[in-house]
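Beneath this line is the structure, given in structure tokens, with notes to follow.
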Amino acid sequence: MLRGFIVRKADGLRVPVGVSLIVGRTGECGLVIDDTAASRRHLEITARGDSFAWKDLGSTNGTAVNGARMLAGELKHGDVIQIGETELRFEVEETPDEATAEEDATMFRGDVFSLRGEASTVHRENKAAALLQALYTVTNQISTNYELCSLINRILETTMRAINAQRGALFLADEQGELLPCPVCGNVHAIRDGVLLPRKPGALKISGTVARRVIRDGESVLFQDTDSDGELSTAESIVALNLRSILCVPLRAKNGILGILYIDSDRPNHSYTEEDMLLATSVGASAGLAIENARMHQEMLEKQRIEQEIATAWRIQEGFLVKDWPEDDPRFQIYGDMRPAKTVGGGFYDFVRPDEHTVGLLIGDVSGKGVPAALTMAQLLAEFRLRALEFRSPAAVLGALNGDLVARTQSGMFCTMCYLLLDLRTGRVTCANAGHLPALRVGASGGTFFGGASGPPAGILPDASWLDEMSEIALGDAILLYTDGIAEARRTFHGDDGARKSGPVGEYDPERLARVAHAVHDQPPRAIIEAVVQDVVTFCAPGAPHDDCTLISVRYLGHA
């Protein structure tokens, strides 16, 4: 028989096609290619006896075979598949015919000569060799498959063929022992007479008594219609399904039982043997480890995807945040910063000059994490810079941003915001707050909070409104705006050995924030922000802040 392989030219990785192989960018594919031109599920290669066919799965950028763009076709040894910059080579390898290989592996042959020189051939069945050959075939074909659907199909096909089974299915199980379908396709992978027949959950009838016993005891079960096992021979499920023989083995992994491999037959003269059970049990152990490895492989790819998403989110945020602060106006100093945590959130700040005598400061925090929060932040900042020039009331600006966010957001995303205007001629401050933390004013006399929330976060209610709160600051005073990455920084107790002993035991005290800021109130805004961030890091040690530390500060220095 012929086996197909795909070889990735860049690193020489050789992946067996098996029954079918999906090639694409997502971690669910049997062969994952890191190419921006590749679609998530780009193409599929299918074995059809001793021939191999391929088809494009509706990819965006298309597929070329031997330099010609095509949608489907038959693959021959040496054909080159091109996806973007990625080059794949198809190879065919001939293996011994299964019937011959099985016969050679399971039978001992020898010639016996009579006294008259006549020769006759005798055969002696070698069950140990048969089991070893079948087990090697199964484990070899599943050991390098990391696509869960394809892996389960391969386990079923090779095992059913090895023990000449009528029908079978593979179920996964949760921690409570409940049988589950495949988490990728949502079906139960089943096979009958060598043909794969995926079934919807609940549509496949099996002996629940046998399945529960294997999950409960972690031991293989072989049932024949001649058995005297009271629990099994009287089980309603076995009687109702008219089953003559059942073979069920656990799928073992390092951390327990992942599921079961279930095989049965309703044919009168089709009973599974102890040798079949021995083979299936060995396959169950190998299959469990293979499934566990496939899951770990998917988790690793998912972790890489999340890390890439975090990096992308940070680049989006960083590109929209102000980096060049004005230094040509002696009436004020201003500075903002965001220190990202391990998981990038939706914190942001901004600075505008509606006119030459006014400074505007905005701080906000979009609900959620990653790229969605970063994209929403980018849209909000773009809208804010337009609305801040259109309206001179902070409350009116928040109202306009709320309308835009409600109209655009379909997934329940919202944003807390605080926007204030500082009149450089008088020191007068006008502030509106949409569900955000209050502003902190620091000066020679200490630190005080003002400008608390006068309405809900933006993006929740289409007709929400907010109020403008008036205040004043003295010469030399500073205003600090911050997100909950500062106000809700958590500290966790650790034992003498450094191990974490309990959950959070406290959050960063607002009064502590005021004291730290007041200690450097006569310094430029950058020094105030750096002092606060450093104190938060010290507070959280030996852990790290769980959320972004986002702050912006302005210091009022005097009249023009």
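Since the model is a prediction, treat every value here as computed from it, not as a measurement. We number each residue from 1, following the sequence as shown.
- To the nearest 0.5 Å, atoms CD (Q82) and CZ (R69) are separated by 11.0 Å.
- Residues Y272 and S265 come closest through the heavy atom pair OH-CB, 3.7 Å.
- In plain terms, the two heavy atoms of P456 and L461 that are nearest each other are CG-CD1, 4.2 Å.
- The pair R14-E93 meets the salt-bridge criterion, since a charged nitrogen lies less than 4.0 angstrom from a carboxylate oxygen.
- When atom types are taken as modelled, the side chain of N187 and the backbone of H189 share no donor-acceptor pair closer than 3.5 angstrom.
- A salt bridge links R167 to D264: at least one charged side-chain nitrogen sits closer than 4.0 Å to a carboxylate oxygen.
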Determine, step by step, whether D34 and R25 satisfy the side-chain contact (heavy atoms from CB on, under 4.5 Å) criterion, reporting the C-alpha distance in whole Å, the side-chain angles of both residues, the deciding distance to 0.1 Å, and the verdict.
CA-CA 6 Å; D34 186 14; R25 190 160 43 85; 5.5 Å; no
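- At a threshold of 4.0 Å, the pair R267-D193 counts as salt-bridged, since one of the basic side-chain nitrogens sits closer than that to a carboxylate oxygen.
- A donor-acceptor pair under 3.5 Å is formed between the side chain of D35 and the backbone N or O of A37.
- With rounding to the nearest 0.5 Å, the separation of CZ in F171 from SG in C182 is 12.0 Å.
- If you look at F52 and F90, their ring centroids are closer than 6.0 Å.
- T273 and D276 form a side-chain donor-acceptor contact under 3.5 Å, judged by distance and modelled atom types alone.
- In summary, of the residues considered (L179, L170, V210, L172), a side-chain contact (heavy atoms from CB on, under 4.5 Å) with I260 occurs for L179 alone.
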Could you walk me through whether L151 and I291 pass the side-chain contact (heavy atoms from CB on, under 4.5 Å) test, one step at a time?
CA-CA 8 Å; L151 171 61; I291 291 173; 4.0 Å; yes
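- Shown here for L156 and A190, the closest heavy-atom pair between the two residues is CD1-N, 3.9 Å.
- We find the CG-CZ distance between L148 and R295 to be 7.0 Å, quoted to the nearest 0.5 Å.
- Within a 6.0 Å sphere centred on CE of M70, heavy atoms belonging to other residues, nucleotides or ligands number more than 12.
- Side-chain atoms of S51 come within 3.5 Å of backbone N or O of R48 as a donor-acceptor pair.
- A heavy-atom distance below 4.5 Å is not found between the side chains of L88 and V80.
- In this structure, the side chain of H77 engages the main chain of V92 through a donor-acceptor pair within 3.5 Å.
- Taking the charged nitrogens against the carboxylate oxygens, E91 and R89 do have a contact shorter than 4.0 Å, which makes a salt bridge.
- Inter-residue side-chain proximity for E44 and T46 is flagged as met; some heavy-atom pair is nearer than 4.5 Å.
- If you check the side chains of D365 and T416, you find no donor sitting under 3.5 Å from an acceptor.
- Proximity of a side-chain donor or acceptor of Y262 to a complementary backbone N or O of S207 within less than 3.5 Å is detected.
- In this structure a side-chain-to-backbone donor-acceptor pair under 3.5 Å is missing from N153 to S150.
- In the displayed structure, L197 atom CG is contacted under 6.0 Å by more than 12 heavy atoms of other residues, nucleotides or ligands.
- Listed for the D174 side chain is a donor-acceptor partner under 3.5 Å among the backbone atoms of E178.
- We find the CG-CD1 distance between L247 and I163 to be 5.5 Å, quoted to the nearest 0.5 Å.
- Atom CD of E74 has more than 12 neighbouring heavy atoms from other residues, nucleotides or ligands inside a 6.0 Å radius.
- Closest heavy-atom contact between R199 and L204: NH1-CD1, 3.8 Å.
- A donor-acceptor pair is defined here as one N or O able to donate and one able to accept, closer than 3.5 Å; no such pair exists between the side chain of T63 and the backbone of I83.
- In this structure, CG on L251 lies 10.0 Å from CG on L289, to the nearest 0.5 angstrom.
- Side-chain contact between I6 and L21 is present, with at least one heavy-atom pair separated by less than 4.5 Å.
- Judged purely by distance below 3.5 Å, without hydrogens or angles, the side chains of D266 and Q166 pair a donor atom with an acceptor atom.
- When all heavy atoms are compared, the tightest approach of A458 to L405 is O-CD2, 3.4 Å.
- You'll find the side chain of V221 stays beyond 4.5 Å of the side chain of V249, heavy atoms only.
- In this structure, the side chains of L43 and K55 stay at 4.5 Å or more apart for every pair of heavy atoms.
- Contact record, V214 with P250: CG1-N, 3.6 Å, taken as the closest heavy-atom pair.
- Side-chain contact between F5 and V17 is absent, with no heavy-atom pair separated by less than 4.5 Å.
- Between I45 and I81, the closest side-chain pair of non-hydrogen atoms falls below 4.5 Å.
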Yes or no on side-chain contact (heavy atoms from CB on, under 4.5 Å) for I152 and V184, after CA distance, side-chain angles and deciding distance?
CA-CA 11 Å; I152 293 176; V184 176; over 6 Å; no
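- Side chains of M338 and C549 form no contact here, defined as non-hydrogen atoms less than 4.5 Å apart.
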Where do K200 and V188 land on the side-chain contact (heavy atoms from CB on, under 4.5 Å) test, with the steps shown first?
CA-CA 6 Å; K200 295 296 181 183; V188 175; over 6 Å; no
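- With rounding to the nearest 0.5 angstrom, the CG atom of L180 is 11.0 Å from the CG atom of L258.
- Residues S220 and T281 bring a donor and an acceptor atom of their side chains to less than 3.5 Å of each other.
- Remark: side-chain polar atoms of H42 are paired, donor with acceptor, to backbone N or O of G62 under 3.5 angstrom.
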